[in-house]
Amino acid sequence: GAVVSQHPSWVICKSGTSVKIECRSLDFQATTMFWYRQFPKQSLMLMATSNEGSKATYEQGVEKDKFLINHASLTLSTLTVTSAHPEDSSFYICSAYRQGYNEQFFGPGTRLTVL
Amino acid sequence: AQSVTQPDIHITVSEGASLELRCNYSYGATPYLFWYVQSPGQGLQLLLKYFSGDTLVQGIKGFEAEFKRSQSSFNLRKPSVHWSDAAEYFCAVGDRGTYKYIFGTGTRLKVLA
């Protein structure tokens with residue numbers, strides 16, 4: 001199968017600090033990865049599309065300066081939440097598109113709590 | 001506008017009863033179609049998917065879904081629900097060009113013993 005991992009699985013940080021979340025495709029190369037945000041008891045909302053070697057494409061309403069995305073290799077994309085505040089607390093899920101499979105493969109998610 | 005609608009926010013069924021979760025979409029062209037299940041605090045698990053061909057799709061855990069182009073629907077069914085099926089279910093459409101997904105709002109399933 002196609003496995004996608006996320007690290008860390010959960011993180012607690014203080015308001016004003018930055019947090020980095022890693023998303024890795026373990027057994028395939030992914031030129032495109034996606035980042036989603038899910039509030040409690042709500043659906044997944046696409047935040048941005050991450051393309052290897054180029055700038056991420058952000059969805060309308062997502063602050064690109066706050067949610068920094070880097071896709072430096074074909075197996076790794078990172079999401080950095082800068083100057084985190086309590087309202088940034090959420091479940092962040094990444095996915096990786098595998099060429100030829102026509103679908104995204106999802107990571108297990110990262111629970112971010114900002115105090 | 002492109003959208004995915006899951007009309008039922010909550011559904012409660014008795015164990016052993018049949019289940020149907022509804023999903024309707026509004027999209028320019030026939031997208032890829034998916035059903036996912038999510039347990040509390042967990043990630044998504046793919047139940048089944050439709051790309052083309054046979055409109056009745058079989059998935060894992062005894063689930064199936066039927067694509068009806070005329071109704072822009074992709075309803076999920078299971079003939080006999082188990083207590084372990086209690087979870088949140090999401091329908092999603094995938095763009096055939098960009099592979100971006102739009103998720104429905106989800107249906108929370110409760111199973112009575």
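Scope of the values below: all heavy atoms of this structure, side chains included, with no hydrogens, waters or symmetry mates.
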Peer 1: May I have the step-by-step check of salt bridge (charged side-chain N to carboxylate O under 4.0 Å, His left out) for B:Lys61 and B:Asp85, ending in yes or no?
Peer 2: CA-CA 9 Å; B:Lys61 303 184 178 185; B:Asp85 292 324; 5.8 Å; no
Peer 1: May I ask you to check whether B:Tyr101 and B:Phe90 place their ring centers less than 6.0 Å from one another?
Peer 2: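 No, the ring of B:Tyr101 stays outside the 6.0 Å limit from the ring of B:Phe90, centre to centre.
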Peer 1: Please output the residues of residues 14-39 of chain A in contact with chain B, using a heavy-atom cutoff of under 4.5 Å, in numerical order.
Peer 2: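 Counting heavy atoms that sit under 4.5 Å from chain B, the residues of residues 14-39 of chain A involved are A:Phe34, A:Tyr36, A:Gln38.
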Peer 1: Below 4.5 Å from any heavy atom of chain B, which atoms of A:Gln42 appear? Answer side chain, backbone, both or neither.
Peer 2: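 The answer is the backbone of A:Gln42.
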Peer 1: B:Phe34 versus chain A, heavy atoms under 4.5 Å apart: side chain, backbone, both or neither?
Peer 2: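 Contact with chain A is through the side chain of B:Phe34 alone.
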Peer 1: With chain A, which of B:Lys49, B:Glu88, B:Lys100 has the greatest number of heavy-atom pairs at distances under 4.5 Å?
Peer 2: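 Sorted descending by pairs with chain A, the first entry is B:Lys100.
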Peer 1: Quick one: does B:Leu76's side chain get under 4.5 Å of B:Thr107's, heavy atoms only?
Peer 2: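 Side chain of B:Leu76 against side chain of B:Thr107, heavy atoms only: no contact under 4.5 Å found.
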Peer 1: Same hydrophobic cluster for B:Val37 and B:Ile9, using side-chain heavy-atom links shorter than 4.5 Å among ILVMFWY?
Peer 2: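 No, separate clusters.
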Peer 1: I want to check something: taking the side chain as every heavy atom from C-beta on, are B:Leu46 and A:Phe105 in contact at a cut-off of under 4.5 Å?
Peer 2: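 They are not in contact (no side-chain heavy atoms under 4.5 Å apart), so the answer is no.
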Peer 1: Counting only heavy atoms closer than 4.5 Å, note whether A:Tyr92 contacts chain B via side chain, backbone, both or neither.
Peer 2: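 Neither part.
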Peer 1: Among B:Ala92, B:Gly104, B:Pro40, B:Gly94, who wins on heavy-atom pairs under 4.5 Å with chain A?
Peer 2: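 Among the listed options, the one with the most contacts to chain A is B:Gly104.
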Peer 1: Does some side-chain heavy atom of B:Val57 sit less than 4.5 Å from a side-chain heavy atom of B:Trp35?
Peer 2: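 A side-chain contact under 4.5 Å is absent here.
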Peer 1: Which of these passes side chain to side chain contact (heavy atoms under 4.5 Å, CB included) with B:Ile11: B:Leu21, B:Val111, B:Val81?
Peer 2: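 The side chain to side chain contact (heavy atoms under 4.5 Å, CB included) with B:Ile11 is passed solely by B:Leu21 among B:Leu21, B:Val111, B:Val81.
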Peer 1: For the candidates A:Ile93, A:Asn102, A:Leu46, which exhibits the highest count of non-hydrogen atom pairs separated by less than 4.5 Å from chain B?
Peer 2: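 Maximum pair count with chain B is reached by A:Asn102.
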Peer 1: Which region of B:Phe51, side chain (C-beta onward) or backbone (N, CA, C, O), has a non-hydrogen atom less than 4.5 Å from a non-hydrogen atom of chain A, or is it both or neither?
Peer 2: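 For B:Phe51, side-chain heavy atoms alone lie under 4.5 Å from chain A.
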Peer 1: Specify whether A:Phe106 and B:Tyr36 have parallel, tilted or perpendicular ring planes, treating 30° as the upper limit for parallel and 60° as the lower limit for perpendicular.
Peer 2: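 Plane angle over 60°, so perpendicular.
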Peer 1: So, do B:Lys110 and B:His10 sit near enough that their side-chain heavy atoms are less than 4.5 Å apart?
Peer 2: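 No - every pair of side-chain heavy atoms lies 4.5 Å or more apart.
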